[in-house]
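Notes to accompany the following structure.
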Amino acid sequence: MVNAPLFSIELLHPRYWLTWLAFGVLALLAQLPFKWQMWMGRKLGRLLYRLVKRRRLIAERNIELCFPEYSASQQRDLVIRHFESNGLILFEMGMAWFMPYWRLRKRFVVKGKEHWDKLQDNQQGALIIGLHMATLEIANVGANRLFTMSVSYRPHNNKAYDFIQYRGRIRHNAAAKTIARHDIRGMVRTLKQGGLLWYAPDQDYGRKVSKFAPWFGIETATLAMTPKLLKMAKVPALAVMYYRLPDFSGYVLDFREVIEGLPSGDDAADLALLNRHIEACVREKPEEYWWVHRRFKTRPEGQESFYK
């Protein structure tokens with residue numbers, strides 16, 4: 001388990017002043033009316049689309065690869081909406097960490113809570129299969145107000161940022177654990193004790209920890225640990241999806257059923273099944289997925305990079 005970041009005099013060092021200032025501004029913005037923040041976030045996203053060329057090119061390439069059936073204009077429209085979505089992340093992070101919960105709670109629409117309630121009633125743990133949607137941070141607020149859900153966590157290199165991030169998250173459920181991404185024993189122990197562990201296997205962490213499995217019709221480096229965790233802990237994989245309402249008035253927390261057939265004993269088949277599940281979720285709200293990540297940076301031997 002990760003040691004909780006504690007406040008120390010070191011965090012007042014001048015190298016952290018800009019971090020404190022930035023989060024002070026974010027905390028103030030989080031007190032503005034919700035609709036104002038949604039408007040400003042989308043405008044910020046439009047600005048980022050023009051300014052952050054490298055990330056825009058990555059998103060364009062990912063969308064070109066994953067949605068070849070789209071016309072050029074449809075792909076461009078999706079990239080623009082994706083950047084608008086990314087602009088909202090900053091404001092949603094501020095709301096998640098600094099907005100009073102009595103203002104936030106009316107923004108959540110909850111579906112399928114009975115699937116998680118059943119596990120909790122039986123004191124059964126589960127690996128919660130999430131994914132890197134733009135609404136991940138604020139969805140965590142709604143989920144942890146309903147359940148005690150632990151997360152796989154990588155401490156931030158900036159100690160002041162790490163302290164603020166940790167405090168912002170645990171304010172919604174202090175009983176939730178933060179478990180280091182490499183602490184497999186800690187994850188298994190939490191699951192065996194009946195805990196819920198949020199785990200997102202949809203990013204490329206390199207060849208050493210991955211195996212290739214199809215995703216959007218492309219052989220994609222996929223975290224190999226997921227089926228192993230399920231086998232070691234002997235728990236089910238439970239699906240969850242989270243996204244914004246179409247009118248930007250709030251968020252849907254869609255708790256779904258157990259992903260049947262996991263683990264099967266065939267790791268390659270399990271990874272392919274997980275990728276099909278994640279792909280289906282992404283297709284529901286493609287603009288909200290994290291396309292600026294180089295999802296295909298690790299290629300099978302002999303293949304050239306997809307990115308220039």
Side-chain angles (χ1 to χ4, degrees), residues 1-2 96 108-154 166 169-170 172-203 205 215 222-243 251-264 270-271 273-282 284-285 288-290:
M1 190 183 305
V2 174
F108 293 107
V109 176
V110 179
K111 296 182 179 180
K113 182 174 177 288
E114 66 274 9
H115 301 307
W116 287 30
D117 283 335
K118 183 178 179 181
L119 289 173
Q120 296 286 272
D121 290 343
N122 296 332
Q123 296 184 326
Q124 183 181 13
L127 190 66
I128 309 303
I129 303 299
L131 63 163
H132 286 83
M133 302 295 285
T135 50
L136 185 157
E137 195 67 54
I138 199 160
N140 181 60
V141 174
N144 257 321
R145 287 284 176 163
L146 294 171
F147 307 97
T148 297
M149 185 179 67
S150 301
V151 296
S152 173
Y153 170 78
R154 181 178 69 84
Y166 182 83
R169 287 175 174 173
I170 67 164
H172 298 291
N173 191 330
K177 300 175 184 176
T178 56
I179 304 173
R181 192 172 62 191
H182 60 271
D183 184 6
I184 305 304
R185 288 185 180 179
M187 293 183 190
V188 172
R189 183 166 55 249
T190 296
L191 292 167
K192 283 187 172 182
Q193 291 172 350
L196 301 175
L197 175 66
W198 183 90
Y199 190 79
D202 64 328
Q203 289 201 332
Y205 291 109
W215 191 67
T222 304
L223 275 175
M225 182 51 63
T226 315
K228 292 181 174 62
L229 273 175
L230 293 169
K231 283 186 285 188
M232 287 188 288
K234 297 180 181 179
V235 295
L238 203 65
V240 62
M241 180 61 171
Y242 28 90
Y243 49 90
Y251 307 90
V252 177
L253 294 177
D254 191 350
F255 303 116
R256 301 182 178 182
E257 298 183 16
V258 166
I259 303 175
E260 296 293 343
L262 291 176
S264 68
D270 289 350
L271 294 177
L273 175 57
L274 281 165
N275 277 358
R276 287 197 299 274
H277 160 71
I278 291 170
E279 178 181 335
C281 290
V282 171
E284 292 179 32
K285 284 285 183 178
E288 293 186 19
Y289 190 64
W290 193 240

Handout entry: Student check: side-chain heavy atoms of Met241 and Leu131 closer than 4.5 Å
Key = yes

Problem - Glu114 vs Arg256, salt bridge (charged side-chain N to carboxylate O under 4.0 Å, His left out): CA-CA, chis, key distance, verdict - result: CA-CA 9 Å; Glu114 66 274 9; Arg256 301 182 178 182; over 6 Å; no

Exercise for the section: Evaluate the criterion side-chain contact (heavy atoms from CB on, under 4.5 Å) for residue pair Phe255 and Ile128; output intermediate values, then yes/no. Expected result: CA-CA 10 Å; Phe255 303 116; Ile128 309 303; over 6 Å; no

Exercise for the section: Decide if atom CD of Glu284 counts as having more than 12 heavy atoms of other residues, nucleotides or ligands within a radius under 6.0 Å. Expected result: yes

Problem - Any side-chain donor near an acceptor of the partner, Asn275 and Thr222, under 3.5 Å - result: yes

Handout entry: Side chain to side chain, Ile179 and Val151, heavy atoms closer than 4.5 Å
Key = no

Fill in the blank from the handout: Interatomic distance, OG@Ser150 vs CG@Leu127, rounded to 0.5 Å, equals 11.5 Å

Practice task
Can you measure from CG (Leu253) to OH (Tyr243) and round to the nearest 0.5 angstrom?
Solution key: 9.5 Å

Handout entry: Side chains of Leu229 and Met187 in contact at under 4.5 Å (non-hydrogen atoms)
Key = yes

Problem - Check against side-chain contact (heavy atoms from CB on, under 4.5 Å), Met149 and Asn140 - result: CA-CA 9 Å; Met149 185 179 67; Asn140 181 60; 3.7 Å; yes

Exercise for the section: Taking the side chain as every heavy atom from C-beta outward, state whether Ile138 and Tyr251 have any atom pair closer than 4.5 Å. Expected result: yes

Exercise for the section: Kindly compute the distance separating NE2 (His132) from CD1 (Ile278), expressed to the nearest 0.5 Å. Expected result: 10.0 Å

Problem - Side-chain (Asn122) to main-chain (Gln124) donor-acceptor, under 3.5 angstrom - result: no

Handout entry: Where Asp270 and Pro263 come nearest, the two heavy atoms and their spacing
Key = OD2-CA, 3.5 Å

Exercise for the section: Provide the closest heavy-atom pair for Gly125 versus Pro236 in the form atom of the first, atom of the second, distance. Expected result: O-CD, 3.4 Å

Practice task
Would you give the length of the straight line joining atom CG of Leu191 to atom CG of Leu197, rounded to the nearest 0.5 angstrom?
Solution key: 5.0 Å

Practice task
With sequence neighbours left out, write down each residue that passes ring pair (Phe, Tyr, Trp, His ring centres under 6.0 Å) with Trp215, or none if nothing qualifies.
Solution key: Tyr289, Phe296

Practice task
Indicate the atoms forming the closest heavy-atom contact of Leu119 with Leu196, along with that distance.
Solution key: CD1-CD2, 4.5 Å

Practice task
Tell me, with the steps shown, if Tyr199 and Met225 meet side-chain contact (heavy atoms from CB on, under 4.5 Å).
Solution key: CA-CA 11 Å; Tyr199 190 79; Met225 182 51 63; 3.6 Å; yes

Practice task
Decide yes or no on side-chain contact (heavy atoms from CB on, under 4.5 Å) for Val235 and Leu230, but give the supporting numbers first.
Solution key: CA-CA 6 Å; Val235 295; Leu230 293 169; 4.2 Å; yes

Practice task
Check whether the side chains of Asn144 and His172 place a donor and an acceptor atom closer than 3.5 Å, and report yes or no.
Solution key: no

Practice task
Specify the closest pair of heavy atoms between Ile129 and Pro201, including all atoms of both residues, with the distance to one decimal.
Solution key: CG2-CD, 4.3 Å

Problem - Pair Arg185 + Asp183, salt bridge at N-O below 4.0 Å - result: no

Exercise for the section: Determine the minimum heavy-atom distance between Met133 and Tyr242, stating which atoms define it. Expected result: CB-CE1, 3.7 Å

Fill in the blank from the handout: Nearest heavy-atom approach of Leu146 to Lys113 is CD2-CE, 3.7 Å

Handout entry: Expected output: side-chain Asp254 to main-chain Val110 donor-acceptor under 3.5 Å
Key = no

Exercise for the section: Indicate the ring-plane relationship of Phe147 and Trp116, choosing parallel, tilted or perpendicular according to the 30° and 60° boundaries. Expected result: tilted

